[in-house]
Amino acid sequence: RRTAELKMHGIEMDPLEASKEEYELTPSTYRFMNESAKVMISGLFEFVPSVFPEFRVLKTSDKWLLIRNYHRSFFFIDASLRIQRRRRQLGVNKFVSYTTYFSLETVDTFFSDCPDPSNCRAAIETGMSIFLEHFPRMRKQFIELKPTEEELHALLGLAFWSVENLDLDDGILLLATRYRTEIIAELTAHYRRTNGHEKGAARIGMLLCLLQDIRRAELSLNADGELLRMLGAFDDETVT
């Protein structure tokens with residue numbers, strides 16, 4: 001993702017240098033956000049089977065259904081993980097892609113290349129409203145919980161198998177139950193080695209609540225996306 005996005009910016013960087021993640025983040029625009037989302041989704045088709053091998057043998061339609069259900073949760077959790085690592089550099093900025101950010105100061109730039117710029121002012125006002133409604137609340141929850149990298153990795157797995165509302169066959173639902181059980185068991189063992197069983201059980205409960213909050217935020221953002229579509233700022237080619 002990083003290499004692809006840097007090349008989309010026209011930036012050629014030695015992979016070892018890029019891996020230090022010290023390059024300057026740039027303000028995103030609608031089109032860059034959209035193209036980078038395609039890169040991320042393509043990458044998920046490689047990432048998921050490396051973690052859950054059974055994904056490889058699923059029907060293509062089921063793979064798409066699972067990835068479509070997952071990619072926003074993945075983005076939230078992955079961005080939170082990277083924000084923890086780069087907090088000093090990022091300040092109040094929010095990731096829009098792997099290498100770009102969005103803030104109230106850059107909202108005009110963001111919508112400058114949206115599908116229908118004629119309603120740009122209304123789109124900007126809506127974008128500011130979305131920013132103020134969702135991001136501070138989600139950020140507060142992550143700050144209060146302070147999930148570790150291990151916990152965020154576990155959340156990435158649990159989020160993928162949060163398939164309760166999907167129309168999937170029994171085999172995939174059983175697979176989801178098995179993996180969620182295994183991830184919780186690994187977390188429990190991790191807590192037993194670190195901060196104790198009782199505190200660990202409380203942490204698991206808080207992580208599961210955070211995951212539900214992320215899913216609720218996705219539903220709200222879906223509705224916001226439809227509003228931006230009505231304004232012409234998003235269209236049928238918008239994949240994020």
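- Checking side-chain atoms of D213 against main-chain N and O of R216 turns up no donor-acceptor pair under 3.5 Å.
- If you chain together hydrophobic residues whose side chains sit under 4.5 Å apart, W161 and F47 fall into the same group.
- Taking the six-membered ring where tryptophan is involved, the planes of Y179 and F52 are perpendicular, since the angle between them exceeds 60° and thus also 30°.
- Rounding to the nearest 0.5 angstrom, the gap separating the OG atom in S103 from the CE atom in M128 is 10.0 Å.
- What you find for P147 and L207 is that their closest heavy atoms are CB-CD2, 4.5 Å.
- K63 forms no cation-pi arrangement with F45, by the criterion of a distance under 6.0 Å to the ring centre and an angle within 45° of the ring axis.
- Across all their heavy atoms, A233 and P115 have their closest contact at O-CD, 2.7 Å.
- Within 6.0 Å of the CG atom in D14, the count of heavy atoms belonging to other residues, nucleotides or ligands exceeds 12.
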Kindly determine whether S129 and T126 satisfy side-chain hydrogen bond (donor to acceptor under 3.5 Å, both in side chains), including the steps that lead there. CA-CA 5 Å; S129 174; T126 302; over 6 Å; no
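- Between L231 and N119 the shortest heavy-atom distance is O-ND2, 3.1 Å.
- Take R72 and apply the salt bridge (Lys or Arg N to Asp or Glu O under 4.0 Å) test, not counting sequence neighbours, and it matches no residue.
- Side-chain contact of T109 with S112: a donor-acceptor pair under 3.5 Å is absent, judged by distance alone.
- Of all non-hydrogen atoms in E5 and S97, the two that sit nearest each other are OE1-OG, 2.7 Å.
- I184 has its side chain within reach of T188: a pair of non-hydrogen atoms, C-beta onward, lies under 4.5 Å apart.
- Checking side-chain atoms of E46 against main-chain N and O of G43 turns up no donor-acceptor pair under 3.5 Å.
- With 3.5 Å as the limit, one finds no donor-acceptor pair spanning the side chains of R2 and T99.
- The structure places CD of E12 at 9.5 Å from OG1 of T3, a figure rounded to the nearest 0.5 Å.
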Carefully, step by step, assess F55 and F160 under the rule side chain to side chain contact (heavy atoms under 4.5 Å, CB included). CA-CA 11 Å; F55 182 83; F160 182 76; 3.9 Å; yes
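- The line from OH of Y30 to SG of C120 is 13.0 Å long, rounded to the nearest 0.5 Å.
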Side chain to side chain contact (heavy atoms under 4.5 Å, CB included) between D169 and D62, worked out: CA-CA 9 Å; D169 65 46; D62 287 333; 4.2 Å; yes
Kindly indicate, with the supporting measurements, whether the criterion side chain to side chain contact (heavy atoms under 4.5 Å, CB included) is fulfilled by S162 and R180. CA-CA 8 Å; S162 295; R180 286 174 67 90; 3.1 Å; yes
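- Side-chain N or O atoms of Y101 include none that pairs as donor or acceptor with a backbone N or O of T106 at under 3.5 Å.
- At a cut-off of 3.5 Å, with distance as the only test, no side-chain donor of N165 or R215 sits close to an acceptor on the other residue.
- By the salt bridge (Lys or Arg N to Asp or Glu O under 4.0 Å) test, D235 pairs with no residue at all, sequence neighbours left out.
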Steps toward side chain to side chain contact (heavy atoms under 4.5 Å, CB included) verdict (L81, F76): CA-CA 9 Å; L81 177 61; F76 275 133; over 6 Å; no
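- How far CG of N69 is from CZ of F74: 14.5 Å, rounded to the nearest 0.5 Å.
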Intermediate values then yes/no, salt bridge (Lys or Arg N to Asp or Glu O under 4.0 Å), R121 and D108: CA-CA 8 Å; R121 177 47 52 188; D108 290 43; 3.5 Å; yes
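- Atom CG of N222 is surrounded by more than 12 heavy atoms from other residues, nucleotides or ligands within 6.0 Å.
- A donor-acceptor contact under 3.5 angstrom links the side chains of S73 and E218, judged on distance only.
- Counting heavy atoms from C-beta on, the side chains of R178 and T181 never come closer than 4.5 Å.
- You'll find the side chain of I172 stays beyond 4.5 Å of the side chain of E54, heavy atoms only.
- Shortest non-hydrogen contact noted between L25 and Y98 is CD2-O, 4.2 Å.
- Cluster annotation: L174 and V48 are assigned to distinct hydrophobic clusters (Ile/Leu/Val/Met/Phe/Trp/Tyr, side-chain heavy-atom contacts under 4.5 Å, transitive).
- Here the side chains of T100 and M33 are not in contact, with every heavy-atom distance at 4.5 Å or above.
- Remark: side-chain polar atoms of R203 are not paired, donor with acceptor, to backbone N or O of L187 under 3.5 angstrom.
- Between the side chains of E237 and N34, not a single donor N or O lies within less than 3.5 Å of an accepting N or O.
- Note on L221 and I67: same hydrophobic cluster, where clusters join Ile, Leu, Val, Met, Phe, Trp and Tyr whose side-chain heavy atoms are under 4.5 Å apart, directly or indirectly.
- Around the NZ atom of K38, the shell of radius 6.0 Å holds more than 12 heavy atoms that belong to other residues, nucleotides or ligands.
- Contact check for R1 versus D78: side-chain heavy atoms found under the 4.5 Å cut-off.
- The two residues F32 and S28 come nearest to each other via the heavy atoms CB-OG, 4.2 Å.
- By the criterion of side-chain heavy atoms lying less than 4.5 angstrom apart, applied directly or through intervening Ile, Leu, Val, Met, Phe, Trp or Tyr residues, L44 is grouped together with L211 in one hydrophobic cluster.
- No side-chain heavy atom of L228 sits less than 4.5 Å from a side-chain heavy atom of T238.
- Within the 4.5 Å cutoff, no side-chain heavy atoms of H153 are placed close to those of I77.
- L6 and M8 are assigned to two separate hydrophobic clusters, defined by single-linkage of ILVMFWY side chains at heavy-atom distances under 4.5 Å.
- How far CE of M206 is from CG of L145: 5.5 Å, rounded to the nearest 0.5 Å.
- Below 30°, between 30° and 60°, or above 60°: for F110 and F102 the angle between ring planes is above 60°, a perpendicular geometry.
- Residue pairs that meet the ring pair (Phe, Tyr, Trp, His ring centres under 6.0 Å) test with at least one member in residues 186-216, sequence neighbours left out, do not exist here.
- To the nearest 0.5 angstrom, E24 atom CD is 10.5 Å from H9 atom NE2.
- With contacts defined as side-chain heavy-atom distances shorter than 4.5 Å, the pair L66/L168 qualifies.
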